There are 2 protein chains.
Amino acid sequence: MTPAGRRIAAAAEELFYERGITPVGVDLIAEHSGVTKRTLYNQFGSKDQLVATYLAIRDQRWRSYVSAAVEARDDPVEAVTAPFDALRTWSESNTRGCAFVNALAELPDPAHPAHRVATEQKLWLSRLFEELATEAGCPHPATLATRLLVLHEGALATQPLPLDTLEPSAELARALVRAEPSPRR
Amino acid sequence: MTPAGRRIAAAAEELFYERGITPVGVDLIAEHSGVTKRTLYNQFGSKDQLVATYLAIRDQRWRSYVSAAVEARDDPVEAVTAPFDALRTWSESNTRGCAFVNALAELPDPAHPAHRVATEQKLWLSRLFEELATEAGCPHPATLATRLLVLHEGALATQPLPLDTLEPSAELARALVRAEPSPRR
DNA sequence: AGTGATGTTCACCGATCAGTATACGTACGA
DNA sequence: TCGTACGTATACTGATCGGTGAACATCACT
C-alpha cells in the first residue's frame with residue numbers, strides 16, 4: 001500500500017468507526033487524509049472496496065490484540081478468559097462498540113464483503129475459545145466456547161449502557177471455566 | 001394519529017428496520033405508504049422525528065411481546081427466563097437483529113432521541129429481570145439480572161452467525177436461575 | 001532519454017438527499 | 001354555510017452523493 005493509500009485507510013478507519021459508514025462520504029475521507037478524491041479512487045476503486053479494506057484492517061488489529069493477551073498467560077485455564085481481559089482495555093479506546101456489528105447494521109445486503117469479514121471474525125473468536133478450552137482440559141470445549149462467545153458479545157453490546165457489565169461477564173466466564181473439571185491440572 | 005400517519009409509520013418501520021435508517025429517504029417512505037411527501041412532513045415535521053417515532057413504536061411493541069410471554073408463565077422461576085423464549089419467536093420474524101443497536105450504529109450523535117430510546121429499552125429489560133428474580137426468590141437479583149441481560153444481548157448479537165447460540169444461551173440462563181437457591185419453592 | 005507508477009488539480013456527471021411553496025380537493029362539525 | 005383539519009398534486013430549492021475525464025507534475029528504475 002502506497003503512502004497516500006495508508007493515509008486514506010487511516011482516515012477511513014477513524015471516520016467509519018466513529019461516525020458510521022453510510023453518513024461518511026468519500027469527499028470527507030479524502031479531505032481528512034489530505035488527498036484528492038481522484039487518488040482515493042485510484043487506490044481503492046470504490047467506496048465499497050474501501051469499506052472492505054477498513055474492516056479487514058480492523059479485524060487484523062483486533063486479532064493481534066487478543067492473541068497477545070492470550071499468549072501473555074502462562075496458566076492455560078487463565079488463558080481461556082484472556083479475551084475478556086483484552087476486551088476491557090480494548091473498549092477503553094473503542095467506545096463505539098464492535099465495528100463489525102455496526103457494519104452489519106448499516107449494510108443489510110448479505111453479499112457485501114462486510115458480512116463475510118464480520119462473520120469470520122466472530123467464528124475466529126469462537127474457534128479460539130474452543131481451542132483454549134481444549135488445551136485447558138475442559139471436557140466440553142464446544143459448549144463452553146459458545147457460552148463464552150455469547151458472554152463476550154453481550155458484554156460488548158451492553159457497553160453503551162450506564163451499567164458495569166464487562167466485569168460481571170468476565171467473572172461469570174471464569175466461573176464457567178472453573179466449573180468444568182480440568183484433568184490436566 | 002391520522003390514518004395517513006399510521007400508514008407512514010408502518011412503512012417507515014418496515015423500511016428503516018430492513019434497510020437501515022440513513023439509506024432510506026423520505027421519498028421512499030412516502031411512496032411505500034401511498035402518501036405525498038407533503039403529508040409526511042405535515043404529520044411528522046422532519047425525518048429525525050419520524051425516526052424517533054419509529055423507534056418508540058418498535059419499543060412499545062417489543063415490550064408488550066415480552067410482557068405477554070412473562071405473564072403466560074405460572075411458575076415464577078420459569079418466568080425469569082421467559083424473555084429468552086420470547087426472543088426465539090421474535091427473532092424468527094425480525095432477522096435483522098436489534099433495531100436499537102442498529103440505530104445506535106448509524107446515529108453516533110448521543111443527542112439523537114434514538115440513544116435515549118435504546119438505552120431505556122435495555123434498562124427496562126434489566127429491571128424486568130431483576131424484578132422477576134426477586135419474585136422468584138433469588139438471593140442476588142441484581143447480579144443475576146446483569147448476567148441475564150448480557151446473555152440476552154449476546155444471543156441477539158450472534159444471531160446472524162451460522163451458530164445456534166439462542167438455545168444454549170437460554171439453557172445457561174435457566175441454569176443460572178436454578179443454581180441460585182429459591183427459598184419460596 | 002524514456003517509461004510507468006503515483007499523485008495532483010479542477011471540472012463535471014446524473015442521481016438523490018431533506019425540506020419547502022403554492023394551489024386545490026374533501027369531509028366534518030359549529 | 002362557513003371554517004378547519006386532512007390530504008393530494010406538482011414543482012422546486014440548494015446541497016450532497018458516489019464516481020469519472022483529462023491534463024499535468026514528480027520520482028524511480030531501466
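This one's a predicted model, so the numbers in the text were calculated from it and none came from an experiment.
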| said: Is any side-chain heavy atom of A/Leu128 closer than 4.5 Å to one of A/Pro83? | reply: yes
| field | Rounded distance (Å) that lies between atom C1' of C/dA18 and atom CD1 of B/Ile29 | value | 11 Å
| B/Gln60 atom CD, neighbour heavy-atom count above 12 within 6.0 Å | no
| task | Send over the distance from B/Tyr41 OH to D/dT10 P, rounded to a whole Å. | result | 20 Å
| field | Residues forming a salt bridge (charged side-chain N to carboxylate O under 4.0 Å, His left out) with B/Arg19, sequence neighbours excluded | value | none
| query | Is A/Glu171 atom CD crowded by more than 12 heavy atoms from other residues, nucleotides or ligands, each under 6.0 Å away? | reply | yes
| message | In this structure, how many angstroms lie between the C1' atom of D/dT20 and the CG atom of A/Asp27, rounded? | response | 13 Å
| query | Any side-chain heavy-atom pair from B/Thr143 and B/Arg147 closer than 4.5 angstrom? | reply | yes
| query | For A/Leu40 and D/dC17, what is the distance between atoms CG and C1' respectively, to the nearest whole Å? | reply | 14 Å
| message | For a quick check, with a 4.0 angstrom heavy-atom cut-off, what is the B/S/- contact string for nucleotides 5-16 of chain C, read 5' to 3'? | response | -SSBB-------
| task | State, with a plain yes or no, whether a side-chain heavy atom of A/Gln49 is found less than 4.5 Å away from one of A/Ser46. | result | yes
| Could you state the CD-P distance from B/Glu31 to D/dT8, rounded to the nearest angstrom? | 14 Å
Considering only distance and modelled atom types, tabulate donor-acceptor pairs under 3.5 Å from the side chains of residues 149-160 of chain B, sequence neighbours left out.
from     : atom 1 : to       : atom 2 : distance (Å)
B/Glu153 : OE1    : B/Lys122 : NZ     : 2.9
B/Thr158 : OG1    : B/Gly154 : O      : 2.9
B/Thr158 : OG1    : B/Ala155 : O      : 3.3
B/Thr158 : OG1    : B/Thr165 : OG1    : 2.7

| field | Student check: side-chain heavy atoms of A/Arg63 and A/Val66 closer than 4.5 Å | value | no
| Partner set under side chain to side chain contact (heavy atoms under 4.5 Å, CB included) for A/Arg6, not counting sequence neighbours | A/Met1, A/Pro3
| What are the residues of residues 45-55 of chain B, sorted by number, that bring a heavy atom to within less than 4.0 Å of DNA chain D? | none
| So which of residues 9-22 of chain A are in contact with DNA chain D, with a heavy-atom cut-off of under 4.0 Å? | none
| message | Surrounding CG of B/Asp74 (heavy atoms of other residues, nucleotides or ligands, distance under 6.0 Å), is the total greater than 12? | response | no
| task | Go through A/Thr22 and B/Glu106 one step at a time and tell me if the side-chain hydrogen bond (donor to acceptor under 3.5 Å, both in side chains) criterion holds. | result | CA-CA 8 Å; A/Thr22 318; B/Glu106 288 192 70; 4.7 Å; no
